Every structure is written in C-alpha cells, then in structure tokens.
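A quick write-up on the structure given underneath.
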Amino acid sequence: MAKQDIPKRSDIPKAYDAASYEDGIYAAWEASGLFNPDNLPGDRPEAFSIVLPPPNVTGTLHMGHAVMLAIEDIMVRFARMRGKKALWIPGTDHAAIATSTKVENILFKTEGKTRHDVGREDFLRRVEKFAQDSHDTIVDQCRKMGASLDWSREAYTLDAKRNHAVNVAFKKMYDDGLIYRGHRVINWDPVGQTTISDIEIVYKEVEATLYTFRYSRDFPIAISTTRPETKVGDTAVAVHPDDERYAAFIGKTFENIPFAGTTISIKVVADREVDPAFGTGALGVTPAHSLIDADIAARHGLAMRQVIGEDGRMTADAGSLVAGQTTREARETVAAWLRAKGLVEGEEKTTQNLATAERSGGTVEPIPMLQWFVAASKEFVRDGKTVSLKSLTQDAVRSGSVKIIPERFEKGYFQWADNMRDWCVSRQLWFGHRIPAWYRGDEIVVSEIAPEGDGWTQDPDTLDTWFSAGMWTFTTLGWPEKTADLETYHPTTILETGYDILTFWVVRMVTMTTYLLGQVPFKTVYLHGLVRDEQGRKMSKSLDNIINPLDMIAKYGADATRLSLVIGSTPGNDSKLSEEKVAGYRNFTNKLWNISRFVLSSVDDTLPSPSKGEGQGEVYGGPTPLTLADRWILSRLDAVVSSVTRKLEANELSSAGEELRDFTWNDFADWYLEIAKIEKGKDAILMDVLETLTRLWHPFMPFVTEQIWSSFKGTTLMVEAWPTVENRRDESAEREFAVVQDAVTTIRNIRATQRIEPAKKVAATVGNAAILAHADVIKWLARLEDLSLSDKPGIQLVLGDMDMVAERARLEKERDDLSAYVAATDAKLANVEFTSKAPEKVVAGMRAKRDEAAAKLAAIISQL
RNA sequence: GGGCGCAUAGCUCAGUUGGUUAGAGCGUCACAUUGACAUUGUGAAGGUCGGAAGUUCGAAUCUUCCUGCGCCCACCA
C-alpha cells in the first residue's frame, strides 16, 4: 500500500460523526446502481430475494418499520456479499380501509365533511394526494436507514400493474368458482359503512345485562340474551337434541306470537351446537344478526328476518315499537316491554365481548348482505388431487415448504388456517381495487374492462386490502406476465415481518400464491417482535412514549440505530428500546472508527499487502515470525468468521452481532491493539484483521464500514466478497494466550488491591503513563515470547517493582488452588457410577477437562 | 373456554443437543488519564437461574405440578 493512500491521523476526525457521512454514502450507493442485482459484478448463479412488507401509506415509519428495515437489510447485504443475486424490492401498501379512514378523519376535522359530502371523485383525489405524501416520506425514511432496496423495481399495491394483476386473479378465481357473490350474514361496520373481515374485529369487554325471558306467557321455553332488541328477528329456538326438558317441543312451530310491537313465529329445532348447560339450555335463533345463528338457520332451513339496517338502526321490519331506534335504544325498549309484560324471569349482570371495528371503532353488527366472497373450502382438482384454498394453505406449512421462525408460530398459523372460513372480500369503500364485475339487469360479467354493449355498470365496491397484499411476492415480480424476474426470484427466499401480521397477511399470501402460481410465496418466514418502550409498554401517541427512528438516526446515526434494534432481540419476542441503548451502540460505532484510525495511522507504508493461503510463517512477510499474540488473534479471527457466517446463514442476527462486538472490542481493541503498540511488525496482520472486520460488520453497520473502507480501498465495500475462513485456527495459541490473559489479570488485581505506589511513581517519572496501563501485558508477553524491552528502561523498572509482589502472591495462591482443584476433581470422578448410557465417554471428557485445567495452572506456575 | 410465551445480577437479556467455578451489555463502586477512542481504559461488587417434586453420576437446561406476568384465538347465546 502506498503511503499517500493512508490518510494521516490528523486528517481523520477523532469522533465518528454519522450525520456528516450517511446521506452522501447512500447517494453514492444508489448512483452506483448496485442495489439492482442486474448490475452486480461477477457470475451469480444463486438468487436471493425479499419483498419488503409494504408500509401503509397512512403516515410515517415507526420503530416497527425500522426493525424490519434493519433486519432485512442485514440479510440482503450478507447475501450480496456472498455472491448471490440479491434482490430486495421496495413498495408501499394503499391499505384501503386504514388510509381511507385516516383521510376521512382529517376531512371531518378540518372541513367538517364526510366522504359522501365531497363525492367519490374528489375524495379519491384527496386520498391519493395523502398517499403520495406519505409515500414520499416513507421512501426517504428507508434511505435514511441505509436500506439497500432496488428502487428501480419499486411497486405500489394500487398502481396500474398491480391493479391489472388483481383483476386477472379475481377473474380467474371467479371462473374457477372460488369467488362468488352471495347474500350472507357479514360483519357490518355502521360507522365505517362497510363490511369488514373477522380479523378486522377487535373485541372489547363490556358490562351487559343477561335477560332470561319468554316470548310470551304461554311460550313453553325460556331463553337468555344480552341483546333483547335482536329478538324481534328471531325465527327459532334451538335446543340440544339430547335435552329431555325440551324434547317434546322439537319440531313444533309457534305461530304469530305478539312480541314487542311485532309478530314472530318460532320453530323449535334441535342442534348439537347448543350448550344445554348454559342459561336455560335454549337458544333464541336470530338468523340475520348472528353468525352462529345464521349457521343454525342454514342447517334447519329457517327463515331470516332482518331487523337491523346498515345505518345501525332498527328497520321497519322490526316492528312499530322499535323501528328507527338505534340498537342501544331498542335494547332498552324491548327490555322495558318484557318487564311490563311480566315476561322477564331473570336479569343478571355479566361481561360480554363486544365486537368493534378495528379502524373506525364502530360496533360491528352481523347483517345479511349481498357481497363477494372467496370460497375457502370449495374443492377443486389440482394436479390430479382434490384440494381447496384451505387445504393448499395448510399443506404449504405442513409439508415444510414454508418454514416459520420461530417454529412455535406454526401453531398460530394452523389455528387460523384450520378454521379458515369464506372470506368476504368486497368493501363499501372508494379507495382500493374496484371489483371488476359489471352488471346489467340480472346479468353479471367479471372482466377488467366493460363488456360490449350499453347499459353496463361496474360494481361500486372495492376489494379488501389484503386481497392485493396477498399477491405481493409475485405481482412485484411482474405476474401475470411470465417475466425473467418471476422465473429467477420466485418463490422468494424469506419473508420477514412482524408476528402480529401472521394471520392478516402471511396466511393470505400463502393462500393466494399457492393457488395462482402453484408455488409457495417464500421458503422461510422470519417473524420479529414488537418494539416497546423501556418499561415494556407499547409505543403510542397517548402514552407519549414514541421513539422516532429518524430522531435516533439524526442523533446517533443509522448504524447505531440499527444495532440497537437488532442486537439483543430474538425472533418472535418483543424487545425494549431506550435512547440509552442507541447511545451505547453509537459508542461502539465510534470505537470501530477509532480502531480503524489507529490501524491506518500506525501501519508501515512499505509493507506488502497480505497475501493469504500460504504457509503461516511467511504469510505476513515481515522479518519477525508470528508471535503468540499474532497466532492468537488470527485464530480467533478465523473462528469468528466461521461462527458469524454460520449464524447469519441460520438467521441468528443478534447472536452474530454480539459475537462480532465481543471480538472487535474485547479481543482486537483491548488486547491485540495494545500489544501492537509495543510489538512492532504487525502491520500486515492489523490491516488484515481490520479489513476482515470491516467486511463482517458491513451488513450490520453499512455506513461506517463503507466510510472506513473508503479510507484504504478504492472499491465499494457493499459488493466486496464476504470473508472466508483461512487455515489459521490454532488452538494451542488460543489456550496459551488465555494463560497470558489469566496471569495478566491476576497481576492487575494485585496491583489494584495492594496499591503498588512505587510503580506508579516510577511511571510518573518516566512520563509514559499510557504504556503503564498495559505494562502487565508487555511483561507477560515478554516472558513467554522472549522479547527484548531494553529500549524502554522506564518500563523495566516498573515491571521489576511489580514482579516482587505479584509473583509471590500468585505462587502462594495458585499452588493451593491447584492441589485443591485436582483433589476435588479426582473425588468427583471416583464417585461417578457408570450408567448404561455413555459412561466411558462422559468420564473421559471430565478427565480431559480436569487435566487441561491442571496443565493450565501448572503452566502459569512454571512461568513464575 | 382453547392455545402460546415469559420468569437467570439493580435493569435489559444470552445461555445452541444436560457437563468444570452460570455469561454479556448497561448501571453502581474503585482506580487510571497528554500518543486510536472520555463516545476511553483496568478492575470490583452483585445471581440458592420464580417455587416444589421427579429423572440423572450431574439440571438454568428434560418431566410433572404450583405461582406470577404477557400475548393470541373463540359466535357461550
């Protein structure tokens, strides 16, 4: 390396200031085009692909996104450095209901208008403007995080290409009979004025009154309910078939019972779903306003009577007493009527799980409506086998084609997949993929474009946002066209996302992809946990405990932010984040920076570059043979390369990072660099370790490593090769060096506890205090490696002084310890009773370890 | 009601198929300080691994039960 290539120490700032480098580095990466795998150098037969779980265009990125970006970027950068064709596709999600609700709220707050006041066209314009702004913010934040996303392939769940794909998929499913239009009981959100799916419901525990009553004085069976207002829609009473109390009434119909302002007819049916032990053991069946009742009604062919409307009020059909009232008002009205008529047999306070809409907060009402559904269990033939969307979804994971990390979440997956029901996909929202169905009178045509002829109108509804999200791995790669990208990158290598979205998204991706492509969407699912505050609470606006990733990046740098999110958190587990933690990793970033500063400023400019793969003694070319410390650090380096590689392959990111940190700080900086200050001729090794470390750290800390790299190489670190294991493992050196470390530590302890004042004085006289701090290191290395220290007389004095105290103390202490230890081990071994399992091996192992420890102690004593 | 997870140092967590004296970071305390770094260095203190029983020569680790937290799912009318 030529001298002019090495920056002078004075040229490199003492502290690493992330803010002054990061944006420039990212811009250079982006300009290089190397985020696009098509531009990567070399022959890359193996593909690696991740699609970014598209953030919702509802605002800005939070810590959850930052974790996702950090983890995925590590995976992608690692793959890229390992010579894979590494693709990471960015994108955003229109998040129909979430975005729509958000804009509606803003519209109402700022202008006092609803979406119906401004109309479909105007409303959509506003949503798109909002979505665009949000998109721009999100993209900028991804860049700040250092995410090596291929922006040339960026996608949006609602752009033209994805819309086309959605239409093609919808039509195919319709043609295959897997999408149908039907009049069924769905979850209706009266506030959002739309249907919602089961998983968009959140249950809240509320107090309720459980009324037990009879429809009329002469009705033979009493029933219980917390919702008397729905009872005007009852058409049956269901009892268990084995319930002797009611056996006589099964099959009978009680016609024209006057009830709360209307007239009802009740048939008594027997159904095994009824729990005879609950309440009176009889269930009033309201087919139109309860999903379970609708099922019972379907089994028994019962009439359906809708008494709650889309506005959340009682319909005219509900009868004169309650028509027009809200359900809450009607509940009191009916209860009052029952009491007045003396029909109530019991009132009991109870808690009830109230279904509310996740986004709008409205109370969800089951209501029968004409909607579009995806048939979960309908069977069809695929490759000669009878399957269903449900069975395809189950089989992908059951067969091992999709692996979930951590494994325990497979239970959650099956819990959902096994109970998969028909999926209502139509939404009465304006923002989203419009359903490609056209109507003219009784005719229905499913088509992307309007059918021939006049008078066709398109379905006004849009699709559940998860319909298009479920197609994300392949629509981003060009489907339905048969593209080269699709061929190369699908199935994607890994899906990395939060565990909270497993049922929403992951399951649906498997369903859509296995059906449409006959492939799994990804081979592995890696689920990260939630980022909580330092007290373990969820971050939320109301608690005012949100840590904004951009603030952390501005203050401590993206590298530090990434490390704080990745190290110390394991898949599937929530992690806690505090500003102190980020600051801690900023310190580490700075440490690495200063390590490089030291190495670069101390290497000899005449040194040849290290050439690897030759005999150990000559590899580093210098006149001095490898010392113990050299052999030790190289051996450790090899071990770290090997271990970190294995861990990253296994997606053990946290553990890999911790090991690297430990080696970097505790081995390289604290020991080897200190030794290098005294022993010269280590330039090649210093450079070698620095270079390897920089490569190893790059996926975790892309910015600072790229910056360090640029100070001694003219290339782009991002596309450099991942380090490989050299043949430098040297276990005896590691053992021997451990002895030195032990010994040194002991002397330090003696010095610390006994206060060797003379040593301090001499050191002060010599004026070389920095070296004194490590005099013990030098001393022991000098002993073991027979180095001359004659050019540092001051140190010799210090060492001589220390020796007298240290050696005596150590000799006395260790000798006792050794004999006690050997005796204890022998006693232990004598007591071992051999079992039939693995006796010889076990005892041999213990004996070997004992001998090893004894040898270690003996070695120390012989040195003294 | 069903399922899952967690409990290890003051705090946050590692601990890979059971194996010597249970580790790290932060925090605390002591000492150090002009030559890479105070965003630093060297050390120390601090744990009967939630409780009980069991399996084993040996348990933080495996089994059972108990206690305390947390999460997910579910239409108990």
Side-chain angles (χ1 to χ4, degrees), chain A residues 9 12 14-16 198-199 203 210 223-227 230 238 273-275 277-280 282-286 290-295 352-353 355 366 406 408-409 411-412 415-416 419 499-500 502-503 530 534 536 556 560 567-570 572-578 580-581 583-602 647 650 652 654-655 658 661-662 666 669-670 673-674 677 745 748-749 751-753 755 760 763 767-774 776 821 824-825 828-829 831-835 837 839 842-843 845-846 849-850 852-853:
Chain A
R9 183 180 302 154
I12 307 176
K14 282 174 83 165
Y16 174 69
D198 295 345
I199 49 180
Y203 290 94
L210 182 68
I223 58 163
S224 298
T225 187
T226 51
R227 300 200 58 189
T230 65
E273 286 296 303
V274 179
D275 177 3
F278 184 87
T280 62
L283 165 66
V285 182
T286 321
S290 154
L291 287 141
I292 184 175
D293 291 8
D295 287 346
Q352 180 195 15
N353 276 334
R408 65 183 144 89
F409 279 89
K411 286 222 172 185
Q415 187 169 49
W416 201 87
N419 297 307
Y499 67 76
D500 52 328
L502 179 71
T503 48
L530 264 53
E534 53 196 311
Y556 303 107
I567 297 183
S569 65
T570 44
N573 295 324
D574 294 352
S575 57
K576 296 177 189 175
L577 184 71
S578 60
E580 288 72 45
K581 193 169 171 185
Y585 284 106
R586 185 270 320 267
N587 295 356
F588 177 70
T589 312
N590 191 57
K591 186 74 182 179
L592 187 65
W593 177 256
N594 275 293
I595 287 171
S596 79
R597 216 156 70 89
F598 172 77
V599 171
L600 293 174
S601 63
S602 64
K647 285 175 178 173
E652 292 168 18
S654 172
S655 177
E658 264 180 277
R661 182 192 179 284
D662 181 55
N666 300 335
D670 289 349
L673 291 192
E674 296 303 335
K677 287 175 181 171
T745 305
R748 278 174 180 158
N749 292 349
R751 191 186 63 192
T753 53
R755 302 280 182 89
K760 201 174 165 187
N768 202 337
I771 292 176
L772 172 62
H774 301 284
D776 31 23
Y821 176 77
T825 317
K828 246 182 196 171
L829 286 173
N831 284 334
V832 172
E833 284 184 23
F834 292 158
T835 67
K837 290 177 186 172
V842 171
V843 175
M846 288 177 68
K849 279 178 178 167
R850 193 271 318 261
E852 190 183 303

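Atom set for the values below is all heavy atoms of this structure, side chains included, hydrogens, waters and symmetry mates excluded. Predicted model, so just to flag it, every value in this text is computed and none were measured.
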Distance check needed: [N] [atom2] versus [X] [atom1], whole Å only.
| X | N | atom1 | atom2 | answer |
| --- | --- | --- | --- | --- |
| L502(A) | rC71(B) | CG | C1' | 13 Å |
| F409(A) | rC71(B) | CZ | P | 13 Å |
| N587(A) | rA36(B) | CG | C1' | 15 Å |
| D670(A) | rA24(B) | CG | P | 13 Å |
| L577(A) | rC11(B) | CG | C1' | 15 Å |
| N594(A) | rU40(B) | CG | P | 10 Å |
| E658(A) | rC13(B) | CD | P | 12 Å |
| K581(A) | rC13(B) | NZ | P | 8 Å |

Inset, instruction - Could you grab the distance from atom CG of L530(A) to atom CG of N573(A), nearest 0.5 Å is fine? - result: 11.0 Å
Legend entry - W416(A) side chain near L502(A) side chain, heavy-atom distance below 4.5 Å: no
Legend entry - Min side-chain heavy-atom separation L673(A)-V599(A) under 4.5 Å: yes
Which heavy atom of [X] sits nearest to which heavy atom of [Y], and what is that distance?
| X | Y | result |
| --- | --- | --- |
| S654(A) | G568(A) | OG-N, 2.8 Å |
| A238(A) | V274(A) | CB-CG2, 3.7 Å |
| A669(A) | K591(A) | CB-CE, 3.8 Å |
| D293(A) | G284(A) | OD2-O, 3.4 Å |
| A583(A) | Y556(A) | CB-CE2, 3.7 Å |
| Q352(A) | R227(A) | NE2-CG, 4.2 Å |

Sticking with atom [atom1], work out how far [N] lies from [M], rounded to a whole angstrom.
| N | M | atom1 | result |
| --- | --- | --- | --- |
| rC72(B) | rU17(B) | C1' | 30 Å |
| rA24(B) | rU42(B) | P | 13 Å |
| rA14(B) | rG25(B) | C1' | 10 Å |
| rA9(B) | rG23(B) | P | 14 Å |
| rU16(B) | rC6(B) | P | 13 Å |
| rC57(B) | rC65(B) | C1' | 26 Å |
| rA60(B) | rG50(B) | P | 10 Å |
| rU55(B) | rA74(B) | P | 43 Å |

Need one value for [X]: base, sugar-phosphate or nothing, where a base atom within 4.0 Å counts as base even if backbone is also close, heavy atoms only.
| X | value |
| --- | --- |
| T570(A) | sugar-phosphate |
| R586(A) | base |
| A355(A) | nothing |
| K411(A) | sugar-phosphate |

Inset, instruction - Can you check each nucleotide of nucleotides 72-77 of chain B against protein heavy atoms at under 4.0 Å and return B for base, S for sugar-phosphate only, - for none, in 5' to 3' order? - result: -SBBBB
Legend entry - Along RNA chain B (nearest heavy atom to each residue), the more 5'-positioned of A669(A) and D662(A): D662(A)
Inset, instruction - Would you mind telling me which residue lines up with the more 5' stretch of RNA chain B, G584(A) or I595(A), judged by nearest nucleotide? - result: G584(A)
Inset, instruction - Identify which nucleotide among rA36(B), rG5(B), rU39(B) has an atom closest to any side-chain atom of N573(A), counting heavy atoms from C-beta outward. - result: rG5(B)
Legend entry - Donor-acceptor pair between Y499(A) and D574(A) side chains, under 3.5 angstrom: yes
Legend entry - Results of side-chain contact (heavy atoms from CB on, under 4.5 Å) for E652(A) - residues two or more places apart only: R646(A), K647(A), A650(A), S655(A)
Inset, instruction - Using a cut-off of strictly less than 4.0 Å, decide whether K576(A) has a side-chain nitrogen or oxygen near OP1 or OP2 of rC13(B). - result: yes
Legend entry - Short side-chain N/O contact from K591(A) to OP1 or OP2 of rC37(B), under 4.0 Å: no
Inset, instruction - Return one dot-bracket line describing RNA chain B 5' to 3' (Watson-Crick or G-U wobble pairs, both distances under 3.5 Å; ( ) same strand, [ ] crossing, | another strand, . none). - result: (((((((..((((.....[...)))).(((((.......))))).....(((((..]....))))))))))))....
